[in-house]
Amino acid sequence: VQLQASGGGLVQAGESLRLSCAASGSIFSSNVMGWYRQAAGKQRELVAKISAGGNTNYADSVKGRFTISRDNARPKNTVYLQMNSLKPEDTAVYYCFLLNGATIVGSGADYWGQGTLVTVSS
């Protein structure tokens, strides 16, 4: 499985960005995709995740501002993260992930995309 992420960049506080991550390869029909982020000097944290059936889960810090969605059209599964009302504390490297054979309650990741940097200036 390969994950290809895109969409990071530099924005000002209050602006929006949309991240995309396309997964290809041996993807099970039951899976979870989503995003973690890691800010400088901090641990990686889960931002949002979505199951193949569309169930979602968000970190409290992004609820109401970020929206995760996905397109399951084969041959690729693509996950999106629409980030609105961005804050300086959202600055981090964002990593997409895929967890095969899992439902929304599953944890961890089997595969990772390359990180994409999001920088929010104040």
Side-chain angles (χ1 to χ4, degrees):
V1 176
Q2 292 186 326
L3 301 175
Q4 181 67 44
S6 61
L10 171 64
V11 297
Q12 292 189 331
E15 294 184 340
S16 300
L17 273 178
R18 189 191 196 206
L19 305 182
S20 300
C21 178
S24 58
S26 298
I27 302 169
F28 298 174
S29 57
S30 177
N31 65 79
V32 175
M33 295 184 70
W35 300 87
Y36 278 77
R37 68 185 179 187
Q38 187 166 20
K42 296 187 177 181
Q43 289 188 332
R44 191 173 294 193
E45 63 173 350
L46 177 66
V47 177
K49 60 182 178 179
I50 183 168
S51 70
N55 293 312
T56 60
N57 186 284
Y58 294 91
D60 287 343
S61 59
V62 307
K63 284 180 180 177
R65 300 188 298 121
F66 291 11
T67 302
I68 192 168
S69 61
R70 65 184 291 167
D71 179 355
N72 295 334
R74 296 287 180 171
K76 292 184 179 181
N77 282 210
T78 304
V79 65
Y80 305 95
L81 186 67
Q82 178 66 41
M83 304 184 293
N84 297 330
S85 302
L86 282 160
K87 304 175 180 181
E89 51 263 44
D90 294 317
T91 295
V93 178
Y94 284 69
Y95 299 91
C96 64
F97 74 92
L98 183 144
L99 181 62
N100 249 340
T103 65
I104 197 64
V105 298
S107 61
D110 292 321
Y111 304 97
W112 294 94
Q114 86 284 8
T116 184
L117 178 62
V118 173
T119 304
V120 184
S121 63
S122 58

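- Taking Ser6 as the reference, Ser20 meet the side chain to side chain contact (heavy atoms under 4.5 Å, CB included) condition, with sequence neighbours excluded.
- Sequence neighbours left out, not one pair with a member in residues 93-113 passes salt bridge (Lys or Arg N to Asp or Glu O under 4.0 Å).
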(request) Run the numbers on Leu3 and Met33 for side-chain contact (heavy atoms from CB on, under 4.5 Å), then give the verdict. (result) CA-CA 10 Å; Leu3 301 175; Met33 295 184 70; 4.3 Å; yes

Side-chain donor-acceptor pairs under 3.5 Å in residues 111-122, sequence neighbours left out?
unit_1: Gln114; atom_1: OE1; unit_2: Ala5; atom_2: N; d: 3.2
unit_1: Gln114; atom_1: NE2; unit_2: Ala5; atom_2: O; d: 2.7
unit_1: Thr116; atom_1: OG1; unit_2: Gly8; atom_2: N; d: 3.1
unit_1: Ser121; atom_1: OG; unit_2: Val11; atom_2: O; d: 3.4

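- Met83 and Val79 fall within the same hydrophobic cluster, where Ile, Leu, Val, Met, Phe, Trp and Tyr residues are linked whenever their side-chain heavy atoms come under 4.5 Å apart, directly or through other members.
- Here the straight-line distance linking atom CH2 of Trp35 with atom OH of Tyr58 works out to 13.0 Å at 0.5 Å rounding.
- When the side-chain hydrogen bond (donor to acceptor under 3.5 Å, both in side chains) test is applied to Asn84, the partners found at least two apart in sequence or on another chain are Ser16, Gln82.
- Residues Val62 and Leu86 share a hydrophobic cluster, clusters being chains of Ile/Leu/Val/Met/Phe/Trp/Tyr side chains in contact below 4.5 Å.
- In terms of heavy-atom proximity, Lys76 sits nearest to Ser24 at CG-CB, 4.1 Å.
- With values rounded to the nearest 0.5 angstrom, Asp71 atom CG is found 5.0 Å from Tyr80 atom OH.
- Taking CG of Leu17 as the reference point, atom CG of Leu10 lies at 9.0 Å (rounded to 0.5 Å).
- One distance of note links CG of Asn77 with CD1 of Ile27; it measures 4.5 Å at 0.5 Å rounding.
- Pairing each heavy atom of Arg70 with each of Ile50, the nearest pair is NH1-O, 3.2 Å.
- Listed by first and then second residue, the salt bridge (Lys or Arg N to Asp or Glu O under 4.0 Å) pairs involving residues 51-63 are Asp60-Lys63 (not counting sequence neighbours).
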For residues 92-105, please give each side-chain donor-acceptor pair under 3.5 Å, one per line with the distance, not counting sequence neighbours.
unit_1: Tyr94; atom_1: OH; unit_2: Arg37; atom_2: NH1; d: 2.9
unit_1: Tyr94; atom_1: OH; unit_2: Asp90; atom_2: O; d: 2.7
unit_1: Asn100; atom_1: OD1; unit_2: Phe28; atom_2: N; d: 2.9
unit_1: Asn100; atom_1: ND2; unit_2: Ser26; atom_2: O; d: 3.0

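- Scanning all heavy atoms of the two residues, the minimum distance from Lys42 to Gln38 falls at O-NE2, 3.1 Å.
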